[in-house]
Amino acid sequence: MIKYEKFKLPNGLTVIVHQDKSTPLACINILYNVGARDEDPGQTGFAHLFEHLMFGGSVNIANYDEPLQMVGGENNAFTTNDITNYYLTLPVENLETGFWLESDRMLSLAFSEKSLEVQRNVVIEEFKQRYLNQPYGDVWLLMRPMAYKVHSYKWDTIGKEISHIENARMDDVRNFFKKFYCPNNAIMVVAGNVELEEVKRLSEKWFGPIPMGPENKRNLQPEPQQTEARSLTVERDVPVDAIYKAYHMCSRYDKEYYAVDLISDILSRGNSSRMHNALIKEKKLFSDISAYVLGDFDKGLFVVSGKLIKGVSMEQADAAINEELDKMRTAAVSADELTKVKNKMEASHVFGEVDVLNKATNLAICELLGDAGLINQEVEKYLAVTDKQIMEQANIIFREENCSTLYYKAKN
């Protein structure tokens with residue numbers, strides 16, 4: 001059971017405090033309720049650009065990293081289609097330094113042309129290196145617009161195209177910041193060997209004076225139900241052929257999510273999983289194969305991806321995957337198999353709760369999903385999943401007309 005306290009500042013900042021006396025460290029995790037799905041379709045990649053800009057200096061602090069390193073701290077951030085998350089860890093006696101740094105960049109970034117130019121070039125370079133020049137790097141640049149025709153999940157966090165970042169102007173950047181990077185659009189979790197009253201004092205001192213931002217109401221167009229199978233074949237300079245299949249599924253908020261997540265575990269978690277046994281060990285069609293859910297906050301995707309053994313045709317590979325998915329639809333999962341994946345899931349949750357940073361991030365995400373207390377209900381919800389619910393979801397998801405398939409061929 002993860003215990004926590006929660007309070008809210010008058011400017012709308014939600015603060016969650018989790019005391020863990022077993023660590024000499026403190027962690028500050030700030031989750032901003034903005035991701036790639038909130039971008040203008042003509043200006044994509046902004047949420048990710050901001051992940052970089054937030055380290056480029058703020059109104060009173062020219063260099064974010066230097067003061068943090070001087071007190072023995074470290075930091076990082078990540079962006080998804082749903083959220084942007086910043087976190088730092090440091091010795092608990094230096095906690096106020098973290099508050100000072102985080103509050104200053106929430107108050108206002110420096111917004112210098114130099115910082116924008118530097119970070120713009122970093123992101124463009126990342127786009128080229130990780131997405132365009134890396135084997136299989138462009139998979140999601142191809143998959144998302146195939147699976148999504150309406151919803152703004154149709155572009156990846158890096159953006160639709162490099163030109164959107166190249167053409168980002170200071171006014172565009174400033175407006176994006178003012179809209180989303182404000183206390184009422186953020187959740188701060190302070191975890192570690194910390195005291196509630198001290199966190200309250202520091203929160204009021206450093207974050208209290210920051211003005212509230214606009215109230216952001218999302219009005220995203222839902223993705224219509226997919227009614228026909230979609231496919232795309234590309235040739236690239238890669239070592240082996242690969243196949244990617246994406247099926248529409250429920251959202252992270254839906255009660256059905258837990259059954260769907262367990263389906264992915266049954267299919268490919270560990271060397272004794274169904275797909276590993278059937279498609280790698282027995283039939284020797286794939287060198288690796290995985291099934292996973294993206295965990296999107298709006299209706300998301302269930303993905304099966306694998307790299308083919310040389311000499312295996314796409315048709316063979318595709319048919320073999322479909323055969324395994326059909327088994328999920330037509331035959332109930334045995335009690336033993338279901339217990340096994342539930343045990344693995346429970347063990348990984350328990351193991352994850354050892355790390356203070358993990359707990360801080362998960363508390364923030366659960367709060368955004370509706371209530372930080374969900375963190376203590378997750379395991380229970382997985383354990384309650386029945387074989388009937390698994391078969392039900394398999395039948396809803398694994399339909400040919402609900403699938404977008406990318407055939408990713410190696411050039412001969």
Side-chain angles (χ1 to χ4, degrees), residues 35-42 44 80-83 139-157 160 217-234 243-268 275 290-306 314 317-319 321-333 368-370 381 385-408:
R37 65 175 168 165
D38 298 300
E39 296 161 350
D40 182 302
T44 63
T80 72
N81 286 70
D82 298 306
I83 60 169
V139 164
W140 284 103
L141 301 181
L142 300 166
M143 287 293 284
R144 283 192 175 276
M146 179 165 47
Y148 289 101
K149 299 302 179 189
V150 172
H151 192 282
S152 49
Y153 282 159
K154 63 185 174 186
W155 57 82
D156 205 48
T157 49
K160 274 188 199 174
K217 287 274 185 239
R218 274 198 185 89
N219 190 20
L220 302 178
Q221 281 187 284
E223 184 65 21
Q225 190 170 341
Q226 188 172 326
T227 54
E228 56 182 12
R230 298 168 188 160
S231 69
L232 175 67
T233 303
V234 296
I243 187 169
Y244 301 84
K245 297 177 79 66
Y247 295 85
H248 291 278
M249 60 169 276
C250 63
S251 81
R252 183 69 183 77
Y253 287 92
D254 293 324
K255 63 182 187 301
E256 295 82 7
Y257 176 81
Y258 301 95
V260 182
D261 197 19
L262 285 180
I263 291 173
S264 71
D265 288 355
I266 290 165
L267 287 171
S268 80
M275 283 182 160
S290 56
Y292 54 95
V293 298
L294 295 187
D296 297 307
F297 288 10
D298 288 337
K299 290 196 184 299
L301 295 175
F302 186 108
V303 183
V304 179
S305 65
M314 284 290 189
D318 206 359
I321 289 172
N322 289 337
E323 193 181 323
E324 290 307 311
L325 299 182
D326 279 342
K327 286 176 191 170
M328 296 293 314
R329 296 173 61 177
T330 54
V333 178
L368 186 61
L369 287 168
K381 287 181 177 179
V385 170
T386 65
D387 57 346
K388 187 172 173 243
Q389 289 169 323
I390 282 181
M391 195 189 270
E392 237 168 55
Q393 287 306 305
N395 276 284
I396 290 168
I397 296 167
F398 302 136
R399 294 173 292 110
E400 192 183 349
E401 67 274 18
N402 190 39
C403 184
S404 298
T405 306
L406 175 63
Y407 300 106
Y408 203 99

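Index from 1, following the sequence.
- When atom types are taken as modelled, the side chain of Lys160 and the backbone of Pro41 share a donor-acceptor pair closer than 3.5 angstrom.
- Taking CG of Leu406 as the reference point, atom OG1 of Thr233 lies at 8.0 Å (rounded to 0.5 Å).
- Closest of all the heavy-atom pairs between Lys154 and Lys149 is NZ-O, 3.4 Å.
- Contact between Lys381 and Val385 at its shortest, heavy atoms only, is O-CG2, 3.5 Å.
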Checking side chain to side chain contact (heavy atoms under 4.5 Å, CB included) for the pair Val333/Met328: CA distance, chi angles, key distance, verdict? CA-CA 7 Å; Val333 178; Met328 296 293 314; 4.1 Å; yes
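- Ala291 approaches Ser268 most closely through the heavy-atom pair N-OG, 2.8 Å.
- Looking at heavy atoms from C-beta onward, Met275 lies in side-chain contact with Leu325 at the 4.5 angstrom threshold.
- Pairing each heavy atom of Asn402 with each of Ile397, the nearest pair is ND2-O, 2.9 Å.
- Under the 4.5 Å side-chain criterion, counting only non-hydrogen atoms from C-beta, Val260 is not in contact with Tyr247.
- Within 6.0 Å of the CD atom in Glu228, the count of heavy atoms belonging to other residues, nucleotides or ligands does not exceed 12.
- Under the rule for a salt bridge (Lys or Arg N to Asp or Glu O under 4.0 Å), the partners of Arg329 that lie at least two apart in sequence or sit in another chain are Asp326.
- Of the possible polar contacts, none joining the Ser264 side chain to the Val293 backbone as a donor-acceptor pair under 3.5 Å is found.
- Here the side chains of Ile266 and Ile390 are in contact, with some heavy-atom distance below 4.5 Å.
- The backbone N or O of His151 sits less than 3.5 Å from a side-chain atom of Glu223, completing a donor-acceptor pair.
- Here Asp38 contributes atom CG and Arg218 contributes atom CZ; the two are 4.0 Å apart, rounded to the nearest 0.5 Å.
- Contact of the Val303 side chain with the Trp140 side chain is registered, since non-hydrogen atoms from C-beta on lie closer than 4.5 Å.
- Nearest heavy atoms, Ser152 versus Leu220: OG-CD2, 3.8 Å.
- Inter-residue side-chain proximity for Glu400 and Asn322 is flagged as unmet; no heavy-atom pair is nearer than 4.5 Å.
- Between atom CG of residue Asn395 and atom OG1 of residue Thr330 there is a gap of 8.0 Å, rounded to the nearest 0.5 Å.
- Formation of a donor-acceptor pair under 3.5 Å by the Asn81 side chain with backbone atoms of Arg37 is not found in this model.
- In this structure a side-chain-to-backbone donor-acceptor pair under 3.5 Å is present from His248 to Ala147.
- Taken from CZ in Phe398 to NZ in Lys245, the straight-line distance is 11.0 Å, to the nearest 0.5 Å.
- At distances below 3.5 Å, not a single donor-acceptor pair connects side-chain atoms of Ser305 with backbone N or O atoms of Tyr244.
- With Asp156 contributing its side chain and Leu142 its backbone, the two residues share no donor-acceptor pair below 3.5 Å.
- Contact between Asp296 and Gly300 at its shortest, heavy atoms only, is OD2-CA, 3.4 Å.
- Side chains of Tyr153 and Asp82: a donor-acceptor N/O pair is present below 3.5 angstrom, by distance only.
- Listed for the Gln389 side chain is no donor-acceptor partner under 3.5 Å among the backbone atoms of Glu256.
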Please lay out, stage by stage, how Leu294 and Tyr292 fare under the test side chain to side chain contact (heavy atoms under 4.5 Å, CB included). CA-CA 7 Å; Leu294 295 187; Tyr292 54 95; 3.7 Å; yes
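- Of the inter-residue distances, the one linking Ile321 atom CD1 with Leu267 atom CG reads 10.5 Å to the nearest 0.5 angstrom.
- Applying the side chain to side chain donor-acceptor pair (under 3.5 Å) rule to Tyr258 yields the partners Glu378; only residues at least two apart in sequence or on another chain are considered.
- Residues Met249 and Asp254 are not in side-chain contact: their nearest non-hydrogen atoms beyond the backbone lie 4.5 Å or more apart.
- Side-chain atoms of Phe297 and Ile83, non-hydrogen and from C-beta on, do get closer than 4.5 Å to each other.
- A distance of 12.0 Å separates CG in Asp261 from CD in Gln393, rounded to the nearest 0.5 Å.
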